[in-house]
There are 2 protein chains.
Amino acid sequence: MNIGQAAQASGVSAKMIRYYESIGLVPPVGRRTSGYRDYGPADLHRLGFIRRARDLGFSIERIRLLLDLWSDQSRSNAEVKAVALTHIKELEERARQLQEMADSLRTLAEACDGDGRPDCPIIQSLETGEAPTCQGEHPAWH
Amino acid sequence: MNIGQAAQASGVSAKMIRYYESIGLVPPVGRRTSGYRDYGPADLHRLGFIRRARDLGFSIERIRLLLDLWSDQSRSNAEVKAVALTHIKELEERARQLQEMADSLRTLAEACDGDGRPDCPIIQSLETGEAPTCQGEHPAWH
DNA sequence: TGTTGACCTTCCCATGATGGGAAGGTGCAG
DNA sequence: CTGCACCTTCCCATCATGGGAAGGTCAACA
């Protein structure tokens with residue numbers, strides 16, 4: 001099986017398959033006399049594992065760890081779970097940070113009428129670092 | 001004011017200040033006879049703006065846009081708001097994706113006892129792409 | 001005055017994961 | 001035999017940031 005077919009079958013691009021080989025994430029695969037790489041079912045299996053781990057946001061280095069645990073017959077599932085929980089914590093931390101940024105910015109955007117005047121609380125806040133004033137600070141219109 | 005002091009005052013590292021200058025995000029600042037860069041209040045003001053925009057997750061290119069809008073006296077706040085809303089959407093999309101990954105992985109992790117056996121639903125799911133079985137698939141204990 | 005240590009300058013390199021593209025070889029179908 | 005689709009390796013780009021080397025400057029202190 002050529003690299004292109006392996007890419008299609010595994011969902012990992014040919015570029016990435018070569019890259020993963022170059023960094024030792026997948027072992028060097030057999031070559032035909034032409035020099036073409038030749039992929040078998042076990043290779044596809046490994047590539048699929050990697051793709052699914054990437055889809056879950058695991059870094060290359062952590063996938064390396066997971067692959068080691070995968071091939072380690074004497075592994076305990078507690079080790080795998082620990083890696084997963086660490087990763088979950090990091091994902092949620094990053095998600096939280098992004099959402100925090102979005103919330104801050106939304107507060108600013110809500111203070112901006114967007115009515116065509118040059119005056120803008122968003123710009124003002126970036127300029128001074130101060131929270132915007134008025135526009136609901138004393139929400140008497142409520 | 002030297003670059004180091006400007007860095008301290010603005011919260012942007014000296015490395016980054018030079019980089020921002022090199023890409024034209026901040027104009028070339030005055031030099032002393034020694035060749036040292038010399039920063040004044042207006043320069044600090046701009047650097048502070050940039051730092052706060054970075055803290056809100058804006059990309060360099062979008063900050064360039066915001067800086068243009070800042071210096072444009074005839075800007076309408078609607079333009080600024082539009083940039084902000086676009087950015088909010090992107091931030092929330094990324095946050096959502098990360099949280100989705102975390103949720104998927106948490107489902108797997110919950111199916112894993114972590115009791116020291118080699119059997120592990122997390123690894124199995126990465127291997128086969130199938131959702132884990134048992135462990136609550138028929139939650140009779142509810 | 002001389003020395004020392006902290007600071008500045010430019011330049012190059014690295015990150016992480018991925019894609020683009022060039023130059024040249026291979027394989028298969030018409 | 002020709003053409004096209006595929007393969008090979010190699011280099012470069014991304015984005016924002018930091019590290020470090022080699023060399024110049026400045027201020028304080030003996």
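Here is the naming used below: chain letters follow the sequence lines, and residue numbers restart at 1 for every chain. All values derive from a computational prediction rather than experimental measurement.
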*Sugar-phosphate means primed atoms, P, OP1 and OP2; the rest is base. With that split, encode nucleotides 13-19 of chain C 5' to 3' as B, S or - using protein heavy atoms under 4.0 Å.*
----SBS
Flag the pair [X] / [Y] as yes when at least one side-chain heavy-atom distance between them is below 4.5 Å, and no otherwise.
X: N2(B); Y: R37(B); result: no
X: F58(A); Y: I50(A); result: no
X: Q124(A); Y: D119(A); result: yes

*Separation of atom CD in Q8(B) from atom C1' in dA6(C), rounded to whole Å*: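 Roughly 14 Å, once rounded to whole Å.
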*Hydrophobic cluster identity match, L44(B) and Y36(B), side-chain contacts under 4.5 Å*: no
*Between the two ends of the helix from dT1(C)-dA30(D) to dG30(C)-dC1(D), what is the bend in degrees, rounded to 10 degrees, where each end axis spans five pairs?*
30°
*Where does the chain B footprint on DNA chain D start and end, counting 5' to 3' with a 4.0 Å heavy-atom cut-off?*
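Terminal contacting nucleotides, 5' to 3': dA16(D) to dC26(D).
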Please confirm whether the backbone N or O of [Y] pairs with a side-chain atom of [X], one donor and one acceptor, at under 3.5 Å?
X: K81(A); Y: G114(B); result: no
X: N77(B); Y: P118(A); result: no
X: D38(A); Y: R31(A); result: no
X: R106(B); Y: A84(A); result: no
X: S125(A); Y: P121(A); result: no

*Closest nucleotide of DNA chain C for A14(B) versus for S34(A): which of these residues is on the 5' side?*
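Going by which nucleotide is closer to the 5' end, it is A14(B).
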*Neighbour count above 12 (heavy atom, 6.0 Å) for Q8(B) CD*: no
*asked:* By the salt bridge (Lys or Arg N to Asp or Glu O under 4.0 Å) test, which pairs, at least two apart or in different chains, include something from residues 59-74 of chain A?
replied: E61(A)-R64(A), R62(A)-E90(A)
*Scan side-chain atoms only and decide if Q99(A) and E92(B) contain a donor-acceptor pair under the 3.5 Å cut-off.*
yes
*Determine the contact category for R32(B): base if any of its heavy atoms lies under 4.0 Å from a base atom, sugar-phosphate if only primed atoms, P, OP1 or OP2 are that close, otherwise nothing.*
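R32(B): no heavy atom of the nucleic acid under 4.0 Å.
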*Under 4.0 Å from any atom of DNA chain D, heavy atoms only: list the residues of residues 88-99 of chain B that qualify, in numerical order.*
none
*In the hydrophobic clustering that connects Ile, Leu, Val, Met, Phe, Trp and Tyr at side-chain heavy-atom distances below 4.5 Å, which members other than M101(B) occupy its cluster, ordered by chain and number?*
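L91(A), L98(A), M101(A), L91(B), L98(B), all in the cluster of M101(B).
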